[in-house]
Amino acid sequence: MNLPKNYEPSQYEKDIYQLWEQSGAFEAKGKGEPFSMVMPPPNANANLHIGHALMFSIQDVLARYYRLQDRDVAWIPGADHAGFETQVVYEKHLAKEGKSRFDYSRQELYDGIYSFVQDNKQGFYDIFRTLGSSCDWSKFAFTLDDKVVNTAYETFKRLWNDGLVYRGERLVNFCTFHGTAFADIEVEYKDEPGKMYFIKFPLVSEGDDLSEDFVLIATTRPETMLGDVAVAVHPDDESLKHLIGRQVALPLTERHISIVADEMVDTSFGTGAVKITPAHDPNDFEVARRHDLPLVQVITEYGLLGLEAPARYHDLTIDEGRKRIVDELEELGLLEKIEEHSHRVGHCYKCGTIIQPLVRDQWFIDMKTLAKPAIEALRADKVRFYPTAKRDQVITYLENVKDWNISRQIVWGVSIPAFQNTEDIDDWIFDDRVDQETIQVDGKTYRRDPDVFDTWFTSGQWPFVTTGYPKGDDFSKYYPNSVMETGVDILYQWVARMIVLGIYVTGEIPFRDVYLHGMVRAEDGKKMSKSLGNVIDPNEILATHGSDALRMGMLAGRSAGYSAAFAPSKVDAGRNFCNKVWNIARYIEGVIGDDYHARKSSKFVSLADHWIVTRLNHAIESVSNDIEGYMFAEAYETVYHTIWDDFAGWYLEANKVEPNYSVLAYGLEVILKLAHPFMPFTTETIWQTLKWENDSMLAVAHWPKVLKCDADRADSFEDIKCIVSEVRAVAKNLGISKPILQYQASDLIESNLEQIKKLANLESATVVGEISGIRLSKTNQVASVFVTEEVAKGYLGKLEQRQTEEVLSVERLRARLGNKSYVDNAPQALVAETKQQLTDAERRLEQITTEIDSFTA
RNA sequence: GGGCGAUUAGCUCAGCUGGCUAGAGCGCUUCAUUGACGUUGAAGAGGUCGGGGAUUCGAAUUCCUCAUCGCCCACCA
């Protein structure tokens, strides 16, 4: 025997993956109907975490299933340089050595990160291989590869030429700790308790004198008043509109500022008068543009007061500055009051630093224009979403989308191919000679923009970049992708932008289906986080349970878009299932030995043969439908029960009585194929160990086809199962270990006597004229478990319970059929079924009642 | 403030377009026992599907409403 007693994943997984990879099993065939999918590229410096396990499991089920279906599967793997994320990790690494990014030149820092990523490469590749991902390594792409960068440059150039990318001085979300700007969706907002300060701004009278009167304004950030350029009131505000056009003296500064009218003011909030700080508040920025007001910057990129703020405040932190200003206002008698106030504050999603809106000159993509065709395509249902509701969320997002700031002030990334005239700051040109700091064009010197692209700008082009847009076989074959499988958390960052950029660049949607998985929560249902200490390490699970068990544990009972808790018990179940399959194979190996050619013929003889074929047929179809409909948990459940209950539980036992090697072999082949997408390592290990066919691999075998068999004979086996189950139950209930069966002449029982004896563990079975003991009530055959009358009476309680159940059942069915509307309106087939059920239930009730009467008589 | 989702067995969760006595895994109870597997086998207990209402012959499933939890979005200074 080649198969040892227990399946030990760690002994096989590495070799099996190598076998697959080296044989080129995962490479796209280039022929047949394509099934294409690009992998959301993990961070190049990432280590395996539980989220990968879910993502790769789902995608690999799809890839393996469609490969067995003989589709031309192109699952394209990749790695993301993950600009900001990676730089943050690297900076933490530097911090451990007591260094920071300021200790290095730009190039040194870039090189440092580059080798850091290289050093972590193995961990990265392990993710794919340990999880068994059947991706096509020959198509691997890294976001810093030349072809990716060049395509990104082409896209940027085209946007530039089309006037859809512009450079502008805007308010950006700036992390003063990391020293870079973010896109709007990257900012994490939290409701936080704060204070509302009510400050008096003295009105300036006609002759520039200060009057006794003042305007009361409310603010949560008093320190920003140093950068105020106006006070705004609503044009229709009866109590304040008379002040429009007048001036106030901005306390603590020498400046006088005007009172302007703007509809943005909400008269019901605060005092109805709003201080306008255009350089540090996005709304105020808009107001300032409308009223042509200047920008007065008072907060630096380091989060300190400075720039145009009065010199005495320079270099104070925001908090220090706020305290000092509040104190000074108090002294001047200009602070009316302070109230508690809860408000939303933006934070850096990495370090938690409060995001400062700062004025920066950066590159923006005109998303409003670009989103239009994307919204149309989505409305026309050109992309199907799973779960479906996410489509509308993307539409809503795109309808309200703001321009996308793609400049990042970090070094780890793709340099922006734009150069600025050293003599004329408004003169920018496109040029992809980014390896040079300065270039000469037309006798003028241009300096490269030091910024890099937002990572999502490159990964947003992934579906067409990885398929070799604009030319190439892969692009014509694999674009649009069949499906995009990714996490709900990056619906806007990634999915929406891929749709937008894909349509803009190629004129086509990037993928036909989008399947979104939820997050893996911790066992307690909470978000996993290092600070809560509830992070699950997949490596431990892999070591003890193996990859297949983890995969199945991730998929079981999970539905699209839903964030479910990690359940270790499901991984246990997965491991047990692997062992079950292993032992099924082990048993069959023991029985049929080397006669694997048995599987070449399929002769169905016994009732059980026909029955198991119908069960396998059902599974083949139902698993196909479920996987194609992205219902992975359902597909898995069918595989699990077909194999465990039907094949191992019933069929193998029946086969021991009526051996049929060809069906054993056929059945094993089918179950290995059915299970392969879910447990690739175990099934392939079995396939290889059995030397199923010379040099063949399960990974590139063919999905089983439904076979013809006799449905009536299959049904007869159902009846045998029914008899066996009831005998077992009755015997169990009475504590009989070897029951005796009595039956009235029956072809079914007679011709399957050995089978029933074995399955029900009978002592003996005899044909009698009149049965005695406990009558079997669920089968149409007349049979009983023979016991003395005394023992039978002990069963009375159980019988009465059964009687009650049947009475209820009969009543319910009669009521249903007595309902004229039901009989008239329900489908005929359903009504007929109900009638049959009633007949059966009535018969059973009669039997039970007769039996009870016989005991009590 | 808006939008979305969740609420089903002790726990973690399925249940597609309304139609058998609502399912799974784990856990629990009882029993079996050593030749495929104790990572096993057999039998079983356990749920008025969050509350209320509506539509329908029929609702876990559709609609309304309330409650609780969660997520996303939003410029309330």
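Naming convention: chains lettered A, B, ... in sequence-line order (proteins, then strands); numbering from 1 in each chain.
- When heavy atoms are screened at a 4.0 angstrom cut-off, Tyr397(A) is found touching no nucleic acid atom at all.
- Residues passing the side chain to side chain donor-acceptor pair (under 3.5 Å) test with Thr685(A), sequence neighbours excluded: none.
- Across G35(B) and C20(B), the matching C1' atoms stand 41 Å from one another, rounded to whole Å.
- Distance from the side chain of Trp644(A) is smallest to U40(B) among U40(B), C16(B), C57(B).
- At a threshold of 4.0 angstrom between heavy atoms, the contacts of Gln837(A) include nucleobase atoms, whether or not backbone atoms are also involved.
- Separation of the P atoms belonging to U68(B) and U56(B) is 32 Å when rounded to the nearest angstrom.
- Spacing of P atoms, G50(B) relative to A59(B), comes out at 15 Å, to the nearest Å.
- Using modelled atom types and a 3.5 Å distance limit, the side chains of His641(A) and Asp646(A) yield no donor-acceptor pair.
- Among the heavy atoms of the strands lying under 4.0 Å from Ala648(A) is at least one base atom, whether or not backbone atoms are also near.
- For residues 183-200 of chain A, proximity to RNA chain B is found at no residue, defined as any non-hydrogen atom under 4.0 angstrom from a strand atom.
- With C1' as the reference atom, A45(B) and C28(B) are 8 Å apart, rounded to whole Å.
- Side-chain atoms of Arg816(A) lie closest to U21(B) of the nucleotides A36(B), U21(B), U12(B).
- Glu653(A) contributes a side-chain N or O that forms a donor-acceptor pair with the base of A36(B) under 3.5 Å.
- Under 4.0 angstrom from either OP1 or OP2 of A77(B) there lies at least one side-chain N or O belonging to His341(A).
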Table of protein N/O atoms under 3.5 Å from nucleotides 27-32 of chain B N/O atoms:
| residue | atom | partner | partner atom | Å |
| --- | --- | --- | --- | --- |
| C31(B) | O2 | Lys732(A) | NZ | 2.9 |

For residues 270-281 of chain A, please give each side-chain donor-acceptor pair under 3.5 Å, one per line with the distance, not counting sequence neighbours.
| residue | atom | partner | partner atom | Å |
| --- | --- | --- | --- | --- |
| Thr271(A) | OG1 | Leu216(A) | O | 2.6 |
| Thr271(A) | OG1 | Ala273(A) | N | 3.3 |
| Thr271(A) | OG1 | Ala273(A) | O | 3.3 |
| Lys275(A) | NZ | Thr224(A) | OG1 | 2.6 |
| Lys275(A) | NZ | Asp228(A) | OD1 | 3.0 |
| Lys275(A) | NZ | Thr277(A) | OG1 | 3.0 |
| Thr277(A) | OG1 | Asp228(A) | OD1 | 2.6 |
| His280(A) | ND1 | Pro357(A) | O | 3.2 |
| His280(A) | NE2 | Val298(A) | N | 3.0 |
| His280(A) | NE2 | Ile299(A) | N | 3.2 |
| Asp281(A) | OD1 | Asn283(A) | N | 2.9 |
| Asp281(A) | OD1 | Asp284(A) | N | 3.1 |

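- Nucleotides A6(B) and C63(B) have their P atoms positioned 11 Å apart, rounded to a whole Å.
- Between His341(A) and His343(A), the angle of the ring planes lies from 30° to 60°, which puts this pair in the tilted group.
- The side chain of Ala729(A) sits closest to G44(B) out of A77(B), G44(B), A14(B).
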- prompt: For RNA chain B, what dot-bracket results from Watson-Crick or G-U pairs at under 3.5 Å, with [ ] for crossers and | for inter-strand partners?
  reply: (((((((..((((.....[...)))).(((((.......))))).....(((((..]....))))))))))))....
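- At least one side-chain nitrogen or oxygen of Arg812(A) sits closer than 4.0 Å to the OP1 or OP2 atom of U21(B).
- Scanning for ring-ring contact (aromatic ring centres under 6.0 Å, His included) contacts around His347(A) gives an empty result, with sequence neighbours left out.
- Picking from A77(B), A36(B), C26(B) the nucleotide with the shortest atom distance to the side chain of Tyr640(A) gives C26(B).
- Within 4.0 Å (heavy atoms only), Ser559(A) reaches sugar-phosphate atoms of the nucleic acid but no base atom.
- For the pair Glu653(A) and Lys656(A), the salt-bridge criterion is met [side-chain N within less than 4.0 Å of a carboxylate O].
- With RNA chain B read from its 5' end, the first of the two nearest nucleotides for Arg558(A) and His641(A) is the one closest to Arg558(A).
- When each of U12(B), C76(B), A24(B) is scored by its nearest atom to the side-chain atoms of Glu637(A), the top-ranked nucleotide is A24(B).
- For residues 541-554 of chain A, every residue pair satisfying the salt bridge (charged side-chain N to carboxylate O under 4.0 Å, His left out) rule, not counting sequence neighbours, is listed here: Asp60(A)-Arg551(A).
- Listed by chain and residue number, nothing satisfies the side chain to side chain donor-acceptor pair (under 3.5 Å) test with Thr638(A) (two or more places apart in sequence, or in another chain).
- Taking only side-chain nitrogens and oxygens, Thr220(A) never comes nearer than 4.0 Å to OP1 or OP2 of A77(B).
- With sequence neighbours left out, Tyr7(A) forms a ring-ring contact (aromatic ring centres under 6.0 Å, His included) with Tyr12(A), Trp582(A).
- Between C11(B) and G2(B), the distance separating the two C1' atoms is 35 Å to the nearest Å.
- The pair Arg844(A)-Glu806(A) meets the salt-bridge criterion, since a charged nitrogen lies less than 4.0 angstrom from a carboxylate oxygen.
- You'll find that the side chain of His343(A) is closest to A77(B), out of C4(B), A77(B), A6(B).
- Shown here for Phe182(A) and Asn405(A), the closest heavy-atom pair between the two residues is O-ND2, 3.8 Å.
- Residue contacts shown for Arg521(A) are limited to sugar-phosphate atoms, with no base heavy atom under 4.0 Å away.
- Nucleic acid contact for Glu286(A): none, since no nucleic acid atom lies under 4.0 Å from a heavy atom of the residue.
- Looking at heavy-atom distances under 4.0 Å, Lys738(A) makes no contact with the nucleic acid at all.
- Without hydrogens or angle criteria, Thr388(A) side chain to Phe385(A) main chain gives no donor-acceptor distance under 3.5 Å.
- Every pair passing salt bridge (charged side-chain N to carboxylate O under 4.0 Å, His left out) that includes a residue from residues 812-841 of chain A is listed here, sequence neighbours excluded: Arg814(A)-Glu842(A), Lys820(A)-Asp824(A).
- Taking a cutoff of 4.0 Å between a charged side-chain nitrogen and a carboxylate oxygen, Lys738(A) and Glu763(A) do not qualify as a salt bridge.
- Within 4.0 Å of Leu652(A), counting heavy atoms only, lies at least one base atom of the nucleic acid.
- Note on Gln836(A): nothing from the nucleic acid sits closer than 4.0 angstrom, heavy atoms only.
- Heavy-atom minimum distance, Met679(A) versus Val581(A): CE-CG2, 3.5 Å.
- Atom CD in Glu13(A) sits 7.0 Å away from atom CG in Leu542(A) (nearest 0.5 Å).
- Within residues 568-581 of chain A, the residues approached by RNA chain B to less than 4.0 Å at the level of any non-hydrogen atom are Ser569(A), Lys570(A), Ala573(A), Arg575(A), Asn576(A), Asn579(A), Lys580(A), in residue-number order.
- Looking only at distances, no side-chain donor or acceptor of Asn534(A) sits under 3.5 Å from a matching main-chain atom of Glu523(A).
- Within residues 820-832 of chain A, the residues having any heavy atom under 4.0 Å from RNA chain B are, by residue number, Ser821(A), Tyr822(A), Asn825(A), Ala826(A), Pro827(A), Leu830(A).
- Residue whose closest nucleotide on RNA chain B sits further toward the 5' end, between Asn283(A) and Trp650(A): Trp650(A).
- If you take atom C1' in U7(B) and the same atom in G19(B), they sit 25 Å apart, rounded to whole Å.
- You'll find the side chain of Ile217(A) stays beyond 4.5 Å of the side chain of Val248(A), heavy atoms only.
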